[in-house]
Amino acid sequence: MSNSPPNIPRPSVIQLAIKEKAALYAAYIPLFSEGGIFIPTSREYKLGDDLYVLLSLPEDPQRYPVAGKVAWITPAKASNNRTQGVGILFPKDEKSRALKHKIEEILGAHMASDRPTQTI
C-alpha cells in the first residue's frame, strides 16, 4: 500500500516553448509582482490551481521549471479574439526571481511597448 493521500490530483505539467521575443512579450505578465506567463490551453483550470510549467525562452537552450499557480483565466470565445488559456503566477523564490529577470532582460525595450498582450 502506498502512503499517498487518495484523490489528490497531481499538478498538470505543460511544456511551453517560446521562440520569439514578440511571443514572449505577448505571454509575459509583468503585472504579477513575482512575474508570470500566459499559457494557451483549452483545458479547464480554476484560479489557484497548481500548474507545473517547463518554459523555454527565445535563443536560450535551457528549460526553466516553474511550479506556478493559475492567477488569470481567459475563457473560450473571449472578447477581442484573445487566446484561450491561463496566466501562471511565478512562485516567490530565488529561481523565479532569476527567471523574471531573464525574461525582462530578453524583452529589454519591449517592456515599455503599448502593443497588446494576451492578458492586459
Side-chain angles (χ1 to χ4, degrees):
M1 290 206 26
S2 75
N3 291 342
S4 63
N7 299 334
I8 294 184
R10 294 182 42 188
S12 301
V13 177
I14 292 183
Q15 295 194 36
L16 181 64
I18 299 177
K19 302 201 177 342
E20 295 153 5
K21 278 187 189 180
L24 181 61
Y25 173 80
Y28 181 58
I29 308 173
L31 257 65
F32 293 170
S33 59
E34 306 303 319
I37 201 85
F38 178 82
I39 299 167
T41 179
S42 57
R43 196 163 159 199
E44 295 283 322
Y45 290 99
K46 295 185 197 73
L47 290 175
D49 281 355
D50 290 318
L51 195 57
Y52 192 80
V53 183
L54 284 171
L55 180 62
S56 303
L57 299 175
E59 298 164 30
D60 184 347
Q62 186 175 344
R63 291 196 324 180
Y64 298 89
V66 179
K69 286 201 177 297
V70 174
W72 176 281
I73 297 173
T74 303
K77 301 181 185 78
S79 62
N80 297 337
N81 293 324
R82 291 192 188 276
T83 305
Q84 179 181 1
V86 293
I88 302 304
L89 175 65
F90 293 165
K92 291 184 182 192
D93 63 23
E94 200 48 51
K95 281 198 302 195
S96 295
R97 268 192 287 284
L99 177 57
K100 178 181 183 192
H101 181 74
K102 174 93 179 149
I103 290 171
E104 291 180 355
E105 209 171 64
I106 291 169
L107 291 176
H110 287 291
M111 291 294 294
S113 172
D114 289 334
R115 286 195 326 232
T117 68
Q118 296 291 354
T119 52
I120 294 180

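No hydrogens, no waters, no symmetry mates; every other heavy atom, side chains included, goes into these values. A quick note: this is a predicted structure, and the numbers were derived from the prediction, not measured.
- Taking all atoms of both residues into account, the shortest heavy-atom contact from Leu89 to Ala71 is CB-CB, 3.9 Å.
- A heavy-atom distance below 4.5 Å is not found between the side chains of Lys46 and Val70.
- To the nearest 0.5 Å, the span separating CD1 on Ile103 from CG on Asp60 amounts to 10.0 Å.
- Taking 4.5 Å as the limit, some side-chain heavy atom of Ile18 sits within range of a side-chain heavy atom of Leu55.
- What you find for Tyr28 and Gly35 is that their closest heavy atoms are OH-CA, 4.0 Å.
- Of the inter-residue distances, the one linking Leu57 atom CG with Leu16 atom CG reads 9.0 Å to the nearest 0.5 angstrom.
- For the atom pair Thr74 OG1 and Phe38 CZ, the distance stands at 4.5 Å (nearest 0.5 Å).
- Atom CD of Glu59 has 12 or fewer neighbouring heavy atoms from other residues, nucleotides or ligands inside a 6.0 Å radius.
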query: Hey, mind stepping through Asp50 and Lys69 against salt bridge (Lys or Arg N to Asp or Glu O under 4.0 Å) and telling me if it holds?
result: CA-CA 5 Å; Asp50 290 318; Lys69 286 201 177 297; 2.5 Å; yes
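- From Trp72, atom CH2 reaches atom CD1 of Ile88 across 13.0 Å, with rounding to the nearest 0.5 Å.
- At least one side-chain heavy atom of Glu34 sits under 4.5 Å from a side-chain heavy atom of Arg97.
- Between Ile14 and Arg43 there is no side-chain heavy-atom pair separated by less than 4.5 Å.
- The CZ atom of Phe90 sits 4.5 Å away from atom CG of Leu99, with the distance rounded to the nearest 0.5 Å.
- With hydrogens and angles ignored, the 3.5 Å screen pairs no side-chain donor or acceptor of Asn80 with any backbone N or O of Arg82.
- Lys100 has its side chain out of reach of Phe32: every pair of non-hydrogen atoms, C-beta onward, lies at least 4.5 Å apart.
- Of the possible polar contacts, none joining the Lys95 side chain to the Val66 backbone as a donor-acceptor pair under 3.5 Å is found.
- Leu107 CG to Leu24 CG: the interatomic distance, rounded to the nearest 0.5 Å, is 4.5 Å.
- The side-chain heavy atoms of Arg63 and Ser56, taken from C-beta on, include a pair separated by under 4.5 Å.
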